[in-house]
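First the proteins, then the strands, lettered A, B, ... as listed; each starts at 1.
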Amino acid sequence: MLALSGWSLFAKESEDKVSGVIKTVTGKNPADIKQDARVSLNVPTIAESGANVPVKITVNIPVKDVKSVHVFVDNNPTPHIMGINFSEMSGEAYLEARVRFAKSSAIRGVAILNDGSAIMDQKEVKVTVGGCG
Amino acid sequence: METGKAIIRIPGEIRKDVAFTIKFVIIHPMETGTRKDAASGKVVAAHHLTAIKLEFDGKPVADMTIGTGVSSNPTFGTMLKVNKSGMLKLSYQDNQGGSWEKTQEISIQAEK
């Protein structure tokens, strides 16, 4: 029971941390960034190693209306993984990268649109061995 | 391979005004600054990419900000749509002052 309450306390702490980071990076309150089917985040459900997790994000909105995409891993010591700004020459708002997971965590792909709104997709990744050395 | 080398992959057939995927890998240790060296027990200094920029014939296509959560020797993929042949330039920097660039010719398939 003690261990359980300790865990939830820790989970709360990392949630506060990622919320702050998301707010700094996107300028939005994380509660206002709604999950939206137009953003599709593709990650494995289980990763044997957290060192090299393939991530693909597609935003099914014409790229002229998409400003940027940001990737966040909630439980990482540095939750903001990367961001990309698109232009019309991008053709489509698409990003793939390889990401580190310190431990099992939620991952969020946040798309910021040119009208100022932000939408996202979120997935859980279970990690067997962490990848932050 | 040495730090800062990059390999760019593009499709064999590129068509005018049709978006295609560009993939690239950059050789880089991506040290977070928190990892301890197993032998000495000392913290290894942070050494990671901070920014990547893609340009086509001098016009910006995409720019990325990179944090420490990106894997070592990272691979990236994004898309490009062009209406003429030209030169794609990839330029990237790290937090220790490293700065590199790599170019890739993009030739559009002749219209049939």
Side-chain angles (χ1 to χ4, degrees), chain A residues 18 21 24-26 42 47 49-60 62-64 66-103 105 107-108 112 125 127 130-133, chain B residues 9 11 14-26 28-38 43-44 46 48-84 86 88 92 106:
Chain A
V18 74
V21 171
T24 313
V25 172
T26 66
N42 198 320
S49 161
N52 223 338
V53 181
V55 175
K56 289 181 185 173
I57 301 173
T58 311
V59 186
N60 287 313
V63 76
K64 65 176 172 53
V66 184
K67 184 171 173 246
S68 59
V69 162
H70 292 275
V71 186
F72 300 93
V73 174
D74 288 25
N75 292 343
N76 269 15
T78 312
H80 186 216
I81 305 299
M82 64 174 295
I84 177 168
N85 292 320
F86 296 105
S87 71
E88 282 199 46
M89 282 176 85
S90 300
E92 282 174 40
Y94 172 78
L95 171 70
E96 62 177 82
R98 281 169 185 268
V99 168
R100 286 182 174 131
F101 278 70
K103 58 186 169 197
S105 172
I107 175 167
R108 310 183 202 210
I112 299 173
V125 179
V127 175
C132 283
Chain B
R9 286 253 155 83
I14 294 165
R15 302 209 169 267
K16 188 181 169 186
D17 291 327
V18 177
F20 59 93
T21 309
I22 322 156
K23 292 189 182 193
F24 53 94
V25 52
I26 299 172
H28 203 282
M30 296 299 290
E31 285 293 350
T32 59
T34 55
R35 188 179 70 90
K36 279 185 183 150
D37 183 64
V43 173
V44 180
H48 60 87
L49 293 168
T50 53
I52 302 175
K53 204 152 84 178
L54 278 164
E55 286 166 295
F56 182 76
D57 279 356
K59 291 197 193 96
V61 176
D63 62 273
M64 305 180 181
T65 46
I66 308 294
T68 54
V70 172
S71 304
S72 57
N73 302 332
T75 66
F76 299 96
T78 188
M79 293 189 106
L80 176 64
K81 188 170 88 172
V82 294
N83 55 16
K84 58 179 172 73
L88 176 73
Y92 41 103
I106 305 283

Discussion item. So B:T32 and A:R100, do their side chains get closer than 4.5 Å, heavy atoms only?
Written reply: yes
Worksheet item: Taking side chain as C-beta onward, heavy atoms only, is B:M64 less than 4.5 Å from A:L95?
Response: yes
Worksheet item: For chain A, which of B:I66, B:I52, B:N83 has the most heavy-atom pairs under 4.5 Å?
Response: B:I66
Fill in: Largest heavy-atom contact set with chain A, pairs under 4.5 Å, which of B:S72, B:S71, B:G69, B:A19
B:S71
Discussion item. For the NZ atom of B:K81 and the CD atom of A:E92, what is their distance to the nearest 0.5 Å?
Written reply: 8.5 Å
Fill in: Nearest-0.5 Å distance that lies between atom CG in B:L54 and atom CD1 in A:I84
7.0 Å
Worksheet item: How would you list, by chain and number, every residue that makes a side chain to side chain donor-acceptor pair (under 3.5 Å) with A:K56, sequence neighbours excluded?
Response: none
Worksheet, complete the sentence: Looking only at heavy atoms, the pair that brings B:T78 and A:F86 closest together is OG1-CE2, 3.9 Å
Response to the item:
What one should report as the nearest heavy-atom pair of B:P60 and A:S87 is O-OG, 3.3 Å
Item to complete: Name the option with the most non-hydrogen atom pairs under 4.5 Å to chain B; the candidates are A:R98, A:M82, A:E96.
Response: A:E96
Discussion item. Per the salt bridge (Lys or Arg N to Asp or Glu O under 4.0 Å) rule, what does the pair list look like for residues 48-60 of chain B, sequence neighbours excluded?
Written reply: B:E55-B:K89, B:D57-B:K84
Worksheet entry | Side chain / backbone / both / neither for A:V99 at chain B, heavy atoms under 4.5 Å | both
Item to complete: Examine whether an atom of B:V82 lies under 4.5 Å from a heavy atom of chain A, and if so say whether it belongs to the side chain, the backbone or both; otherwise answer neither.
Response: side chain
